[in-house]
Student: 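Sharing a structure with you now.
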Amino acid sequence: MRKLWIPLVSGLLATGCGIGTAGPDRLDGTPAEVTAIPRLYWVTHDGRLRASVGAEYAKQPSEPSAEQAVRSLLAGPTELVRATNLDTALPEMTAGQLPEVTAQGKDKGPLTLTLPHDVSRLSKLAVGQLVCTAWSAEAVRRGDIAQIEVTLSGGGRRSGPHRCADYPTAPGPSA
Amino acid sequence: MTAWWGRPRGLRARLVTAFVLLAAFSTTATAVLTYRQARSSILDRSQSALTSDFRNQVAALAPTLSWPANEADLARFMDRLVPRTRQASVRVVQSTTHLAGDASASGVPVPDELRGRVRGQNSYGYQRVVDGGVPWLVVGAPVKVKQPTGAKASAPVEVYLTASLRTEQEDTTAVLDAARNGALPVALAAILLALLSARRVLRPVRDLGRAARDLAEGRLDTRVAVKGKDELADLAGTFNKSARELESTVEELRGMEAKARRFAADVSHELRTPLSVMTAVTDVLEEEAPSMRGDAATAAGLVGSETRRLVRLVSDLMEISRFDAGAAELRRKELDVARQITATVQSRGWQERVRTCFPEGVRAGLDPRRLDVITANLVGNALRHGGEPVTVTLRSEAEDVVIEVADSGPGIPGDALPHLFDRFYKADTARSRSEGSGLGLAIARENVLLHGGELTAANRPEGGAVFTVRLPSRGPEQNDEGSRS
């Protein structure tokens with residue numbers, strides 16, 4: 001009888017010293033959701049890029065395309081955008097000059113943006129606006145927000161490849 | 001004094017062992033159970049708080065997250081999710097792409113099983129891992145990406161929180177340390193309690209033991225103090241009662257024996273007078289016996305011899321009574337032992353029938369009359385009940401003088417040997433009418449004891465009986481005088 005207590009106590013001790021591994025266990029709850037909307041990138045007064053939803057996309061963001069997004073960007077900021085202290089670093093374009101946007105590889109790979117003006121004369125922030133806007137729309141279309149290498153081509157010059165992540169961004173408001 | 005824990009299998013050692021074992025077992029069991037309980041409650045609380053907070057925050061912040069999120073968006077999102085109260089980090093992944101989050105902050109990778117649950121089953125989940133001896137909690141939240149029409153389906157985004165549980169582990173270890181630190185004082189307290197309990201029980205037991213020993217050694221007035229009302233007190237009371245009974249019984253018996261002896265002494269004394277008259281009368285009768293006819297002459301002779309026998313018996317009785325009353329005196333005289341014994345043998349005319357072997361110069365301080373009584377009785381017995389030749393040897397051994405009387409007879413029967421020196425004991429009932437009174441050996445023994453010696457009887461291996469008398473050569477007062485001069 002007396003000899004039993006040693007293994008008994010050792011057994012008790014062995015079963016639970018220290019916090020061990022556990023799980024994985026389930027946690028109840030409905031998964032959250034985010035809505036993918038292509039955004040246009042503008043410039044804040046402290047020199048960062050910030051996104052806002054383009055007017056046409058607010059209503060019906062279907063068939064996203066980088067070309068469409070860049071075109072909206074080049075049309076310039078709306079009153080609403082200006083009201084939020086945002087500006088553009090891009091030269092204004094008339095509605096007549098439609099930029100051409102081409103992409104290599106359908107769902108992956110870099111993007112080439114062909115523009116009507118000399119891309120080497122664009123400021124850093126202007127390039128950033130174009131790159132981020134193109135990436136935003138293309139990311140929605142691809143269903144993947146991984147960085148995309150965007151090369152700008154125009155006016156006989158090429159600029160790039162650039163990535164949106166290389167530019168300083170500011171967090172945007174919610175849609 | 002034996003060790004403080006007493007005899008190895010004694011009561012004290014057993015009590016101490018039992019107490020210590022009990023204390024050890026109960027403290028260990030309590031500590032273990034407390035520890036497990038503390039651990040689960042500490043852990044459960046923290047884990048529950050971490051997981052539900054994370055889930056709720058992800059659910060609340062996701063709608064405010066722009067998608068596709070740029071660096072700044074993701075940074076802000078993650079910053080809002082990281083708990084400030086502990087070491088933790090947040091990661092955002094999508095499929096195989098690590099979108100944001102510093103993996104090196106915690107160094108703990110998201111376990112594959114958790115990823116499987118979050119991504120595969122599109123549900124919140126949590127898992128606990130141990131890395132480098134520290135437990136970490138990893139909580140995962142899936143975020144669905146709603147794509148506009150015309151866009152490809154997007155894989156869900158997974159947000160993971162890795163939080164350190166080091167504080168919880170330290171808290172639970174503290175419980176264990178407290179239990180461990182308490183073990184030694186508890187063990188000491190148990191030993192102390194055991195010793196106290198043992199003493200309470202052992203002391204009365206020891207007293208009782210001592211009293212029993214005293215009683216066994218003859219101190220019949222021994223009593224034990226009765227303390228308390230438990231079983232030991234009952235035992236002490238019973239002991240006292242038994243001792244009292246024993247004492248009074250022994251007193252009674254002693255009284256009876258004393259009375260009997262006094263009676264014998266008184267009777268013997270009273271018989272002397274009529275006996276002396278009878279002796280005188282029978283002397284006259286024996287003188288006239290030759291002139292009597294037939295039966296009258298035989299009758300005269302018979303009454304004479306029987307009267308003489310009666311006289312001897314009465315004088316033996318009186319001798320024994322003197323011993324019993326403690327009135328016997330020893331008169332030591334320096335004498336040549338060999339010469340005394342020879343004189344005894346010759347005075348009774350036994351010299352032809354007794355062989356003597358005496359070294360020269362054996363001197364001792366003995367009572368000559370009593371020595372004569374001893375020797376005469378032993379030799380007489382040997383001649384009467386043993387067989388010739390009877391041998392008497394004398395030697396000096398250290399402080400004693402040893403006299404051996406051996407015969408070549410049939411020896412002493414085994415059942416008679418223990419009762420040989422009893423009063424009125426006669427080994428052979430056929431000899432009931434013999435000359436002896438049955439008191440001879442008893443008187444011889446008393447005389448030997450008076451000298452401070454001893455008298456033993458045995459059977460010789462070569463046949464026959466041998467009686468050995470051992471007497472101290474000198475009395476104690478003679479020894480003192482010897483050393484003084």
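Letters go in sequence order (proteins before strands), and every chain restarts at 1. Just so we're clear, the structure is a prediction, and the values are computed from it rather than from any experiment.
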Student: Find out whether A:Val34 and B:Lys146 are in side-chain contact, i.e. whether some heavy atom of one side chain is under 4.5 Å from a heavy atom of the other.
Tutor: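 Contact flag for A:Val34/B:Lys146 side chains = no.
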Student: Indicate the atoms forming the closest heavy-atom contact of B:Arg55 with A:Gly29, along with that distance.
Tutor: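 Here B:Arg55 and A:Gly29 meet closest at CD-CA, 4.2 Å.
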Student: If we ignore angles and hydrogens, is there a donor and acceptor under 3.5 Å between the side chains of B:Asn70 and A:Tyr41?
Tutor: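 Their side chains do contain a donor-acceptor pair, which is all the 3.5 Å distance test asks for.
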Student: Going by the rule side-chain hydrogen bond (donor to acceptor under 3.5 Å, both in side chains), which residues pair with A:Ser153 if we only count those two or more places apart in sequence or in a different chain?
Tutor: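 Counting only residues at least two positions away or on another chain, A:Ser153 forms no side-chain hydrogen bond (donor to acceptor under 3.5 Å, both in side chains).
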Student: Using the test side-chain hydrogen bond (donor to acceptor under 3.5 Å, both in side chains), find all partners of B:Asp112 that sit at least two apart in sequence or belong to another chain.
Tutor: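 In terms of side-chain hydrogen bond (donor to acceptor under 3.5 Å, both in side chains), with neighbours along the sequence ignored, B:Asp112 is linked to no residue.
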Student: Is A:Ile37 close to B:Trp67 at the side-chain level, that is, under 4.5 Å between some pair of heavy atoms?
Tutor: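 No, every pair of side-chain atoms sits at 4.5 Å or beyond.
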Student: State, to 0.1 Å, how close A:Val140 and B:Gln147 come at their nearest heavy-atom pair, and which atoms those are.
Tutor: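 Closest approach of A:Val140 to B:Gln147, heavy atoms only: O-NE2, 2.8 Å.
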Student: Which atoms of B:Leu43 come close to chain A, meaning under 4.5 Å heavy atom to heavy atom: side chain ones, backbone ones, both, or neither?
Tutor: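 Interface part for B:Leu43: side chain.
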Student: Where on B:Val145 is there a heavy atom nearer than 4.5 Å to chain A: the side chain, the backbone, both, or neither?
Tutor: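 Looking at B:Val145, backbone and side chain both touch chain A.
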Student: Where does B:Ala155 contact chain A at under 4.5 Å (heavy atoms): side chain, backbone, both or neither?
Tutor: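 Just its backbone gets close to chain A.
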Student: Which heavy atom of A:Ala165 sits nearest a heavy atom of B:Glu71, and at what distance?
Tutor: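 In this case the closest contact between A:Ala165 and B:Glu71 is CB-OE2, 4.0 Å.
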Student: Would you check if A:Pro171 and B:Phe77 make a side-chain contact, meaning some heavy-atom pair closer than 4.5 Å?
Tutor: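 Counting from C-beta outward, A:Pro171 and B:Phe77 never come under 4.5 Å.
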Student: Quick one: what part of A:Ala170 sits under 4.5 Å from any heavy atom of chain B, side chain, backbone, both or neither?
Tutor: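 It is the backbone, since no side chain atom gets that close.
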Student: Of all the heavy-atom pairs spanning A:Ala32 and B:Ala59, show the shortest one and how long it is.
Tutor: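 Looking at all heavy atoms of both residues, the closest pair is CB-CA, 4.0 Å.
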